[in-house]
Asks: 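Here it is, the structure in full.
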Amino acid sequence: MKRFNRLDQSRRTERRPTVVASHAGLSADALDTLRRQHIELPSWAFGNSGTRFKVFGQPGVPRDPWEKIADAAEVHRLTGVAPTVALHIPWDRVDDYGALAAHARDLGIGVGTINSNVFQDDDYKLGSVTNPDPRVRRKAIDHLLACVDVMDATGSRDLKLWFSDGTNYPGQDDLRARQDRLAEALREVYARLGEHQRILLEYKLFEPAFYATDVPDWGTAYAHCLELGERAVVCVDTGHHAAHTNIEFIVAFLLRAGKLGAFDFNSRFYADDDLMVGAADPFQLFRIMYEVARGGGLATDTGVAFMLDQCHNIEPKIAGQIRSVMNVQEATAKALLVDAEALDAAQRAGDVLGANAVLMDAYNTDVRPMLAGLREEQGLDPDPMAAHARSGYLERVVAERKGGTQAGWGA
């Protein structure tokens, strides 16, 4: 039986489209995909954040949303593929969101996803939109509607919703009634969206609800989005799953159904997120990006948003974001190297090891020199990490950002 691996390189090359020889065998179309890649940064990653046990402050941390946007712009200046920054309300509350968006544009980036927060108020102890108290539900929904107002002011397309709602004990509340309340709240917010705006519904396995979480998995999020309509889609946070969950299957399913709206990229070593994407399992990130590429999720018209959702507790924050962006770039490049025809032939032939070898060939390719060359072609430094270290930017903001209160969780 024919095997499809590097030993069959001549046959594989004959089937490929036009190749730029200096770029690790990537086709011209694949190179264009990498050039136009868009990875959204989270404003909160530039503030002080950490674990429930300790948050370690760092010098030069932004004191307000304006300085967070300046740091995000620095990451984009060095990487060339991070042109938007997500905001978190009320952590990024300002008096004039139009002015904040103009500030971002002046620095060469834009405001992206607006993230709501209905989990840091005493009223939400028993839930927000699923709370048994109608007054609390009204308060939570009004906040979500106010976030749509922010979207209108900033020109943002996406409203990301994550709910900590759930129960800690059997019998604490009616599980079905909570789903009814959730659906009712989502319908009201969906009706308020503009024509080109979307809801991204995120899910999380557990915490802080230890008995039952109201949106615990992708299936629950998918069901609610399906009921709402085409402008409600699922956000897959790569750290919000049980151990050994096959995240790439979820990605493939949602892409096939037209309901994959976004990623929150991060890594985990336990049951939550916040480490740099690709840190815990870079092979998993590659497998996810392969399914994205296989399902057409890298095309410009799919609308899939690729966002980072991380906190940097002990590592430098700007450098942590640069490294995360580079990790996504590398996983994407490797995914685009998969020889689709060879893989399909091996799969049809039932060549189990041959098919796996095609994937492993791509994953084991060192794409870093190719990406460095691609950056040079675009007028960027081939090594963004080194360029940041040489730039003096961090030293400058450390000197400038003295006094005031550093931004962090809840600020």
Side-chain angles (χ1 to χ4, degrees), residues 38-44 46 62 64-70 72-73 76 82-121 124 128-129 137-163 182-202 221 224-225 227-235 259 261-264 300-309 407 410-411:
H38 178 170
I39 302 166
E40 185 162 290
L41 306 176
S43 69
W44 52 96
F46 299 102
D64 54 43
W66 310 85
E67 292 178 349
K68 291 179 186 177
I69 285 176
H76 178 55
T84 59
V85 56
L87 301 183
H88 205 296
I89 310 300
W91 297 349
D92 294 320
R93 178 180 287 141
V94 295
D95 293 332
D96 188 338
Y97 290 101
L100 188 66
H103 170 65
R105 289 193 297 270
D106 289 344
L107 294 176
I109 61 173
V111 172
T113 305
I114 302 301
N115 292 256
S116 61
N117 184 322
V118 286
F119 53 86
Q120 283 188 317
D121 189 293
Y124 302 142
S128 61
V129 297
R137 295 201 301 273
R138 185 69 258 163
K139 175 179 177 178
I141 294 170
D142 285 345
H143 169 74
L144 303 183
L145 297 175
C147 286
V148 181
D149 293 338
V150 176
M151 296 167 66
D152 292 340
T154 58
S156 301
R157 179 188 64 176
D158 294 337
L159 171 66
K160 184 150 63 100
L161 305 179
W162 174 73
F163 301 106
L182 173 62
E184 182 180 357
L186 291 174
R187 282 195 297 269
E188 182 173 347
V189 177
Y190 188 83
R192 167 64 182 83
L193 295 177
E195 182 181 356
H196 301 294
Q197 294 173 337
R198 309 187 303 175
I199 281 177
L200 306 177
L201 183 56
E202 188 180 351
H224 280 286
C225 289
E227 182 179 328
L228 287 171
E230 64 179 10
R231 289 181 292 116
V233 285
V234 179
C235 175
K259 282 296 185 182
F263 285 96
D264 274 354
T300 55
D301 59 352
T302 61
V304 179
F306 300 91
M307 306 179 289
L308 304 181
D309 180 13

Asks: Could you pull out all residues at least two apart from Glu188 that satisfy salt bridge (Lys or Arg N to Asp or Glu O under 4.0 Å)?
Replies: Arg138
Asks: When the ring planes of Phe119 and Trp91 are compared, do they come out parallel, tilted or perpendicular, using 30° and 60° as the limits?
Replies: perpendicular
Asks: Go through it in stages, so that I can follow the logic: the residues are Trp66 and Val94, the test is side-chain contact (heavy atoms from CB on, under 4.5 Å), and I'd like the CA-CA distance, side-chain angles, deciding distance and then a yes or no.
Replies: CA-CA 9 Å; Trp66 310 85; Val94 295; 3.9 Å; yes
Asks: So, Thr113 side chain and Leu159 main chain: donor-acceptor pair closer than 3.5 Å or not?
Replies: no
Asks: Do side-chain atoms of Thr154 reach the backbone of Val150 as a donor and acceptor pair under 3.5 angstrom?
Replies: yes
Asks: Does Glu195 pair with Arg231 as a salt bridge, N-O distance under 4.0 Å?
Replies: no
Asks: What is the minimum heavy-atom distance between Glu40 and Gly112, and which atoms define it?
Replies: OE1-CA, 3.3 Å
Asks: Do the non-hydrogen side-chain atoms of Lys68 and Leu87 ever get within less than 4.5 Å of each other?
Replies: no
Asks: Partners of Arg137 by salt bridge (Lys or Arg N to Asp or Glu O under 4.0 Å), sequence neighbours excluded?
Replies: none
Asks: Please enumerate all residues that pass side chain to side chain contact (heavy atoms under 4.5 Å, CB included) together with Val233, with sequence neighbours excluded.
Replies: Arg198, Leu200, Lys259
Asks: Between Trp44 and Asp309, does any side-chain donor sit less than 3.5 Å from a side-chain acceptor?
Replies: yes
Asks: Go through the side-chain N and O atoms of Thr84 and His38 and say whether any donor and acceptor fall under 3.5 Å apart.
Replies: yes
Asks: Do Leu186 and Leu161 come within less than 4.5 Å of each other through their side chains, counting heavy atoms only?
Replies: yes
